[in-house]
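What follows is a set of notes on a single structure, which appears directly below.
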Amino acid sequence: MSILAAKGLKKYYRSQGGYFLRGRQFVRAVDGVDIELKKGMTLGLVGESGCGKSTLARLLLRLEEPTAGTLEIDGTDFLALRGGELRRARRKIQMIFQDPYSSLNPRLTAGSTIAEGIKIHKLARGAGVERRVVELLDKVGLPRAAYSRYPHEFSGGQRQRIGIARALAVEPDIIVADEPVSALDVSVQAQVINLLADLQSDLGLTYLFVAHDLGIVEHVSDRISVMYLGRIVESGPAVELFSLPLHPYTEGLLASIPSAKPGDRVRVAISGDVPSPVDIPAGCAFHTRCPKAFDHCSTETPQLREVSPGRYTACWLHVD
Ligand code: SF4
């Protein structure tokens, strides 16, 4: 069953000096994206920085309003909600941020930070609030003593655990984790990923896991969607996408994972930088960096289409 379904989501920003850029005066950060999350699954959303994945994550929580598209959460039209209705519905979908330090209020103790949502949504009262906070601290692997400590007294990994407890405090169904481990030491990354996996099986959570590195999402995702310049260019079951990527951009991202196993096919890493979203290349947006580009690629845009059951790609190489 689908717990979140977004169709044709777009977010365009007016660019600085756009008045003079006739015909391309918008930054197309997200440009017609469909996302479906089934209950209890993890979707990995991957792409280099500047590909629009964090903007897409923010649209799903309505931290930003989309320019176009539809968004249903648990069968409700999420974009039609206002005021108290929106506040209540927001409980269902929570975010874990990339930088656990800047996302925590330095003047609030861990206990007060976690208690905020519990109080706002009246999920407990009086001594029950503190009991619930202690329970959440324990769930994310922090001691009771953490309750009265401030963010600067914790390590990066511990701060991210507080961020996770804060998200869990309002009993959400969906967690959007925006690069949740990329600011952490490599040794701590695995611990936080394992914690998220344990919480998912305990609480039946659904995850959208945003990362710039395919290696991070490999073991946690059921499906993976790859994003390039505001669009999904490939989507499919994680195992299949890793063993046989369809889109040259996915191949390039795989090539940049350092720990290729012996026997893995040698892939060519992507060269160059992501073009500016103000001036997206015509045709296939990836053609300026694609080692397999041919004439047609720079003139017509390939649409995302299903090329085998459950596998989608937007590349002319996979069109008959
Ligand atoms: Fe490369 Fe052409 Fe496929 Fe785009 S459509 S990814 S440029 S081969």
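Each ligand, and each atom within it, is numbered from 1 in the order the structure gives. Given the structure is predicted, the values throughout are model-derived calculations rather than measurements. These values consider heavy atoms only, across backbone and side chains, with no hydrogens, waters or symmetry-generated copies.
Listed by number with element, the atoms of ligand 1 under 4.0 angstrom from any heavy atom of Cys297 are 2 (Fe), 5 (S), 7 (S), 8 (S). Close approach of ligand 1 to Leu317 (heavy-atom distance below 4.0 Å) involves ligand atoms 8 (S). The atoms of ligand 1 that sit less than 4.0 Å from any heavy atom of Cys290 are 1 (Fe), 6 (S), 7 (S), 8 (S). For ligand 1, the atoms closer than 4.0 angstrom to any heavy atom of His247 are 6 (S).
At a cut-off of 2.8 Å, Cys284 coordinates atom 4 (Fe) of ligand 1 through an N, O or S atom. Checking His287 against atom 2 (Fe) of ligand 1, every N/O/S atom stays at or beyond the 2.8 Å cut-off.
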Starting from the C-alpha separation in whole Å, work towards a yes-or-no answer on salt bridge (charged side-chain N to carboxylate O under 4.0 Å, His left out) for Lys292 and Glu251. CA-CA 11 Å; Lys292 298 181 177 172; Glu251 284 192 42; 2.9 Å; yes
Please step through side-chain contact (heavy atoms from CB on, under 4.5 Å) for the pair Leu304 and Val233, ending with a clear verdict. CA-CA 6 Å; Leu304 190 70; Val233 295; 5.8 Å; no
Give the C-alpha distance, both sets of side-chain angles, the deciding distance and a yes or no for salt bridge (charged side-chain N to carboxylate O under 4.0 Å, His left out) between Glu72 and Lys7. CA-CA 9 Å; Glu72 282 191 1; Lys7 284 208 167 52; over 6 Å; no
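Nearest to atom 5 (S) of ligand 1 among the protein's heavy atoms is Trp316 N, 3.3 Å.
A distance of 8.5 Å separates OG in Ser155 from CZ in Arg161, rounded to the nearest 0.5 Å.
At a 4.0 Å heavy-atom cut-off, ligand 1 touches Cys315 through backbone and side chain alike.
Using a 4.0 Å cut-off between a side-chain N of Lys or Arg and a carboxylate O of Asp or Glu, Glu85 and Arg90 do not qualify as a salt bridge.
Residues Gln200 and Thr42 have side chains that bring a donor and an acceptor to within less than 3.5 angstrom of each other.
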